[in-house]
Amino acid sequence: MTWDDHPIGEDDIQAYIDDRLSPDRRRQVEDWLQQYPERRGNVEVDRRHRDTLRSTLLAGDELVPARLRVAEVRRQIRAARWHRVRAAAAAVMLVIAGAAVGWLGRGWLGLEAADMADAAAAYRVFTADAVQPVEMRASDRARLGEWLSGRVGRLLEIPDLSSLGLRFMGGRLLSTADGAAALLMYDNDRGARLVFYVRPVSEGRPSGLHERTEDGIATRYWFDGRYGYAIAGPAASPLLRPAAEAFQRAYTAT
Amino acid sequence: MPFDLRSRDDAIERHVPALRRFARSLERDKDRADDLVQECLVRALSAWPTLRSLDRLRSWLFSILYNAFLMQVRHSKREAAMLPLESVDPPAQASDHASVLGASDVLHAIGCLSEEHQAVLLLVSVEDMSYAETAETLGIPIGTVMSRLSRAREQLRNLLGGQNIVPLRRTK
């Protein structure tokens, strides 16, 4: 017997249960277990558990599902990567669209002093958008109002135009050379859309209500010192005038 | 790369049945277990360059799966922190130890062990991993593997009933 200088340990017992001992060591462990029947009983129970576990778990004749095929997983990874690229590209396009609106507006303002042409440009770009005409939907009205007000620096009223058959759809933030602008969009059951556009303005503007029409888009706009306001929509729409009046009331009252 | 995509896929795929088995024991639910395997494969394919040697492929794959599982457990524990604790039912104690041990009893008992004890027991007993490979897979020393193994078996004994067996007196 040599186990005096290398006593039997817990690791020997485990390796015995797992059948991983050299024949010599195995005999030593067996001899040792002979002297301790309690331990031997436990080892037998452990072995039975091990066998049951193995026969239960290794018995499966199940087929590997298609989604766990490595080629399929590789395809999923590619699809996810492509999806991320597309999402990033869409975000870049939105920034470009916003910048274009701002730039166009600035260009027109330079040429024609103060006609809020960027409202018509925003109408053209965003009401035609079938995927995401608004950045934040009307369902989030309170947050939207808070967000846009914070960015534009003016409390944004979102008047209820349901008496005109117009539903509030939501809004988005836009950029101009003079700072953040906000766009609110409305539509009716027949798919007609109107936008309200508010932007900061840099210098003194003419007072009163103005109107201009270009390419079938009418803009009614006015200024109150630091901001310009505009309603833009189809020139033929009878809703334009009452909507503009509702906004004027909402924005002169505050 | 000396190893083309096709043979790499094959090498990984050979381990899928074992990975599913391991996942199934960790996760009770079959679909969630397969989700875990899928997650493991996604990570493995993305992290392939970090595999140092093909000899280590098995323990590498199992360690990815186990870490993904632990992250899920931690995440769901955070979520569950808001909910009242559910008690885990221990399996019914066998009244007659000589009776044949049901497969579901053992599986249920395994589910009552901690994740760490489950993992060691499954890798060693079912997947036939050496103690060294188990240690590498779980990122723990061999000594810890041995003590967890011993503790896991002791707990199984207690859970599955051992009326005719005197409980082990731990000497250290």
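Every chain is numbered from 1, with letters handed out A, B, ... down the list of sequences.
In this structure, chain A has heavy atoms under 4.5 Å from both the backbone and the side chain of B:Asp128. Heavy-atom distances place both the backbone and the side chain of A:Arg69 under 4.5 Å from chain B. Residue B:Arg153 touches chain A through both its backbone and its side chain, counting heavy-atom pairs closer than 4.5 Å. Heavy-atom distances place the side chain of A:Ile77, and not its backbone, under 4.5 Å from chain B. Proximity to chain A is limited to the side chain of B:Val16, based on heavy atoms less than 4.5 angstrom apart. Proximity to chain A is absent for every atom of B:Leu19, based on heavy atoms less than 4.5 angstrom apart. For chain A, the nearby part of B:Leu122 is the side chain; its heavy atoms alone come within less than 4.5 Å. Neither the backbone nor the side chain of A:Glu72 comes within less than 4.5 Å of any heavy atom in chain B. Heavy atoms closer than 4.5 Å to chain B are found in the backbone of A:Leu63, but not in its side chain.
Comparing A:Asp11, A:Ile17, A:Leu53, A:Asp51 by how many heavy-atom pairs each has under 4.5 Å with chain B, the most go to A:Leu53.
Scanning both residues, A:Ala71 and B:Glu13, for their nearest heavy atoms gives N-OE1, 4.4 Å. Taking both residues in full, the closest heavy atoms of B:Val126 and A:Arg54 are given as O-NH1, 3.8 Å, listed atom of the first, atom of the second, then distance. The heavy-atom pair separating B:Arg20 from A:Val64 by the smallest distance is NH1-CA, 3.8 Å.
Looking only at atom types and distance, the side chain of B:Tyr131 has a donor-acceptor partner in the side chain of A:Asp18 under 3.5 Å away.
Other residues, nucleotides and ligands contribute at most 12 non-hydrogen atoms within 6.0 Å of the CZ atom of A:Arg137. Other residues, nucleotides and ligands place no more than 12 heavy atoms under 6.0 Å from the CZ atom of A:Arg151. Within a 6.0 Å sphere centred on CZ of A:Arg86, other residues, nucleotides and ligands contribute more than 12 heavy atoms. By the neighbour-count criterion of 12 heavy atoms within 6.0 Å, atom CZ of A:Arg226 is sparsely surrounded, having that number or fewer from other residues, nucleotides or ligands. Surrounding CD of A:Glu146 are at most 12 heavy atoms belonging to other residues, nucleotides or ligands under 6.0 Å away.
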Applying side-chain contact (heavy atoms from CB on, under 4.5 Å) to B:Leu159 and A:His49, what does each step give before you reach the verdict? CA-CA 11 Å; B:Leu159 285 165; A:His49 289 162; over 6 Å; no
Listed pairs under 3.5 Å, donor-acceptor, residues 188-195 of chain A side chains, sequence neighbours left out:
unit_1   : atom_1 : unit_2   : atom_2 : d
A:Asn188 : OD1    : A:Arg190 : N      : 2.9
A:Asn188 : OD1    : A:Gly191 : N      : 3.1
A:Asn188 : OD1    : A:Ala192 : N      : 3.0
A:Asp189 : OD1    : A:Arg167 : NH1    : 2.7
A:Arg193 : NH1    : A:Thr127 : O      : 2.7

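Remark: side-chain polar atoms of A:Gln14 are not paired, donor with acceptor, to backbone N or O of B:Met146 under 3.5 angstrom.
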